[in-house]
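First comes the structure, then the notes that go with it.
Please read these numbers as outputs of a predicted model, since none were measured by experiment.
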Amino acid sequence: MNIVIIVSGTFGDIVPHVALAKGLKAAGHDVTLAGGKNFKEFVEGHGITFFGTSSDYETVMKSEKGREILRKKGDITPRRMRSHILPPKFNEFVDAWIVSQWADLIIGHHMIVGLLDIAQALDVPLILSTVMPILTPTHEFPSVPMRPALFGRLYNRLSHALYRFMQVSTFEQRINHWRRQVLCLPPRPLFREIFTREFHDLNGRVIPILYHYSPTVLPRPGDWPDSSYISGRLILKDAEPWEPPIDLLEFLEVGPPPLYIGFGSMTLWDPEHVMDMICEALSITGLRAIIAKGWGGINLENNDNLYCLSYAPHEWLFTKVCAVIHHGGSGTTDAGLRAGLPTMVCPFFMDQPFWAERVKSLGVGPRPVPQEKLTVSSLVKGMRELTENKDMIKKAQALGETMKNEPDGVRLAVEWIEKQYPVGHSRQAKVLNDTIRIESQRDSVS
């Protein structure tokens with residue numbers, strides 16, 4: 001099959017989809033991955049055909065507007081989504097429409113708006129892909145972007161409907177404009193699936209959803225339909241063995257294992273102030289740390305107790321540290337827990353508070369501290385708990401062993417995708433079969 005994978009978001013969104021693309025390619029499929037142009041070198045370095053889109057979350061995150069969104073925890077309202085999120089989504093829609101023209105199957109990241117409509121216009125099957133348990137409603141936990149509340153199963157279920165309503169309020173009018181002007185399709189019926197258990201295409205067929213997070217960290221809800229599948233984490237293996245810098249190896253050798261501190265693709269509102277707090281907390285606790293630069297504007301001078309890191313694969317780095325403090329992105333959270341490390345999460349927005357609560361509820365991390373509430377005192381308390389709470393350390397190690405024994409998520413995902421749409425399925429074959437059928441009918445009439 002000709003498979004197009006369309007991704008929107010940050011590096012953490014790209015990485016698992018590159019792993020999936022490599023798995024599908026190894027299974028004999030032609031795969032194109034579409035994502036932000038700034039990921040071109042990374043994707044092609046893994047041997048995957050790349051289509052650059054206008055998705056550029058790095059520029060957005062580093063802008064004044066992006067920092068303001070994160071400072072306010074990204075509270076999700078239709079008004080804020082329309083003003084901050086909707087404009088760039090139109091360009092992503094056009095890019096997705098272009099790259100999907102010859103696809104036999106579209107695998108679309110949940111953040112791409114209008115995929116249902118593009119798949120309908122092209123008569124191509126669609127699978128939605130996400131690391132967040134965000135698309136399928138359940139009574140067992142609230143919708144990921146919604147604030148958790150202690151109102152039980154009814155609130156949990158209604159929170160999913162509320163989030164869908166907010167999405168419709170934000171995007172439906174623009175999507176119907178695209179359907180008329182770009183796709184030459186009639187408008188969608190408004191609010192058609194706010195309370196449904198499954199996603200459907202515009203012809204009423206169920207859309208399969210691939211969730212690629214660890215079922216050990218978040219078990220499958222009992223009320224999910226069969227169309228929602230958890231493959232486990234899609235772990236990417238480096239195209240070439242990674243060689244650590246000499247000065248990083250020297251730093252690791254001169255003292256006990258350090259903490260890892262990093263905020264990934266999140267941009268700090270006041271990087272200098274946050275770094276001052278971290279350095280003071282390290283001084284008080286006497287601990288060492290590796291601090292990842294990420295997109296946050298972090299830049300510190302290295303010394304015997306602190307190393308400022310440009311890049312290192314988590315699978316290597318997290319075997320060298322004693323605990324992790326980070327923003328709660330799904331990839332970093334999974335990597336830290338899989339390495340058996342106690343984890344402190346300082347969430348910014350979206351799914352990060354959700355994973356932060358999961359870490360705490362599993363007993364493998366202290367109470368999360370939102371990034372805008374970080375203080376020297378909260379950092380010192382968290383650092384000491386991470387390194388001195390023996391029960392927490394044991395639980396983290398046990399959880400890590402269980403996660404390491406999970407089946408290969410890429411293999412399971414590829415097998416599941418091929419079951420949804422067998423290898424023989426192809427759009428070109430469908431066109432050929434339709435042509436043969438029409439010619440046969442014409443011959444019988446003549």
Exercise for review: Taking all non-hydrogen atoms of both residues into account, name the closest pair between Y421 and L126 and its distance.
Suggested key: OH-O, 3.7 Å
**Study point:** Candidate list L210, I6, I5, test side-chain contact (heavy atoms from CB on, under 4.5 Å), partner I107, passing option
**Key:** I5
Study note, to complete from the structure: Interatomic distance, CG@L309 vs CD1@I261, rounded to 0.5 Å, equals 12.0 Å
**Study point:** Reference residue N2; test side-chain contact (heavy atoms from CB on, under 4.5 Å); the match among D104, T32, V31
**Key:** D104
Practice item. Please answer whether the main-chain N or O of G35 pairs with a side-chain N or O of T53 as donor and acceptor at a distance below 3.5 Å. Key: yes
Check your understanding: Okay, side chain of H29, backbone of L24: is any donor-acceptor separation there less than 3.5 Å?
Key -> no
Exercise for review: With sequence neighbours left out, write down each residue that passes salt bridge (charged side-chain N to carboxylate O under 4.0 Å, His left out) with E401, or none if nothing qualifies.
Suggested key: K404
**Study point:** side chain to side chain donor-acceptor pair (under 3.5 Å) involving T138 - partner list, sequence neighbours excluded
**Key:** D223
**Study point:** Within residues 11-21 or reaching into it, pairs that qualify as salt bridge (charged side-chain N to carboxylate O under 4.0 Å, His left out) - sequence neighbours excluded
**Key:** none
Review point. Within a reach of under 6.0 Å around CG of N405, are more than 12 heavy atoms found that belong to other residues, nucleotides or ligands?
Key: yes
Exercise for review: May I have the step-by-step check of side-chain contact (heavy atoms from CB on, under 4.5 Å) for M275 and I291, ending in yes or no?
Suggested key: CA-CA 9 Å; M275 288 303 103; I291 299 181; 4.1 Å; yes
**Study point:** From CG (L236) to NE2 (H17), nearest 0.5 Å
**Key:** 12.5 Å
Practice item. Output, in order, the C-alpha distance, side-chain angles, deciding distance and verdict of side-chain contact (heavy atoms from CB on, under 4.5 Å) for V113 and F93. Key: CA-CA 6 Å; V113 174; F93 176 88; 5.7 Å; no
Point to revise | Heavy-atom side-chain contact between R358 and L362 under 4.5 Å | key: yes
Point to revise | side chain to side chain donor-acceptor pair (under 3.5 Å) involving R179 - partner list, sequence neighbours excluded | key: D117, Q120
Revision key, fill the gap. In this structure, OG1 of T319 is separated from CG of L317 (nearest 0.5 Å) by 7.5 Å
Check your understanding: Going by heavy atoms in the side chains, are I209 and W224 under 4.5 Å from each other?
Key -> no
Point to revise | Sub-4.5 Å side-chain heavy-atom contact between I134 and D351 | key: no
Study note, to complete from the structure: Tightest non-hydrogen contact, residues L115 and I106, listed as CD2-CG2, 4.4 Å
Study note, to complete from the structure: Residues passing the side chain to side chain contact (heavy atoms under 4.5 Å, CB included) test with P225, sequence neighbours excluded, are T136, R197, E198, S227, S228
Review point. For H326, what residues pass the side chain to side chain donor-acceptor pair (under 3.5 Å) criterion, not counting sequence neighbours?
Key: none
Review point. Where do L218 and E140 land on the side-chain contact (heavy atoms from CB on, under 4.5 Å) test, with the steps shown first?
Key: CA-CA 11 Å; L218 182 68; E140 296 188 15; over 6 Å; no
Practice item. Looking only at non-hydrogen atoms, find the nearest pair between A21 and L33 and report the distance. Key: CB-CD1, 4.4 Å
Review point. Please walk me through it: do R338 and I235 pass side-chain contact (heavy atoms from CB on, under 4.5 Å)?
Key: CA-CA 11 Å; R338 194 174 297 274; I235 298 176; 3.8 Å; yes
Exercise for review: List in chain and number order the residues that pass salt bridge (charged side-chain N to carboxylate O under 4.0 Å, His left out) with R411, two or more places apart in sequence or in another chain; answer none if no residue qualifies.
Suggested key: E415
Review point. Quick one: ring-ring contact (aromatic ring centres under 6.0 Å, His included) partners of F51, sequence neighbours excluded?
Key: none
**Study point:** Pairwise distance NZ(K373) to SG(C346) - rounded to 0.5 angstrom
**Key:** 12.5 Å
Review point. Can you name the nearest heavy-atom pair linking S8 to I112, along with the distance?
Key: CB-CD1, 3.3 Å
**Study point:** Among Y311, W316, F318, the one residue meeting ring pair (Phe, Tyr, Trp, His ring centres under 6.0 Å) with H314
**Key:** F318
Exercise for review: Would you check if there is a donor-acceptor pair between the side chains of D334 and S214 at a distance under 3.5 Å?
Suggested key: no
Practice item. Report yes or no: does S159 contribute a side-chain atom to a donor-acceptor pair with the main-chain N or O of S143 at less than 3.5 Å? Key: yes
**Study point:** Side chain to side chain, V131 and L234, heavy atoms closer than 4.5 Å
**Key:** no
Review point. What distance do L379 atom CG and L374 atom CG have between them, rounded to the nearest 0.5 Å?
Key: 5.0 Å
Review point. What residues form a salt bridge (charged side-chain N to carboxylate O under 4.0 Å, His left out) with E315, not counting sequence neighbours?
Key: none
Review point. T343 pairs by side-chain contact (heavy atoms from CB on, under 4.5 Å) with which of L337, V364, T332, I325?
Key: L337
Review point. Under 4.5 Å between any side-chain heavy atoms of S330 and M132, yes or no?
Key: no
Review point. What residues form a side chain to side chain contact (heavy atoms under 4.5 Å, CB included) with K381, not counting sequence neighbours?
Key: none
Exercise for review: Taking atom CZ of R367 as the centre, report whether more than 12 heavy atoms of other residues, nucleotides or ligands fall under 6.0 Å from it.
Suggested key: no
Check your understanding: Where do R157 and P137 come nearest, in terms of heavy atoms and distance?
Key -> NH1-CB, 3.3 Å
Exercise for review: To the nearest 0.5 angstrom, please state how far the OH atom of Y229 sits from the CD atom of Q420.
Suggested key: 9.5 Å
Practice item. Quick one: list whatever passes side chain to side chain donor-acceptor pair (under 3.5 Å) with T196, sequence neighbours left out. Key: R164
Exercise for review: With sequence neighbours excluded, tell me which residues meet side chain to side chain contact (heavy atoms under 4.5 Å, CB included) with R205.
Suggested key: D123, D201, N203
Review point. Do any N or O atoms from the side chain of Y211 and from the backbone of R220 form a donor-acceptor pair under 3.5 angstrom?
Key: no
Study note, to complete from the structure: For V369 and S378 the tightest heavy-atom approach is CG1-OG, 4.0 Å
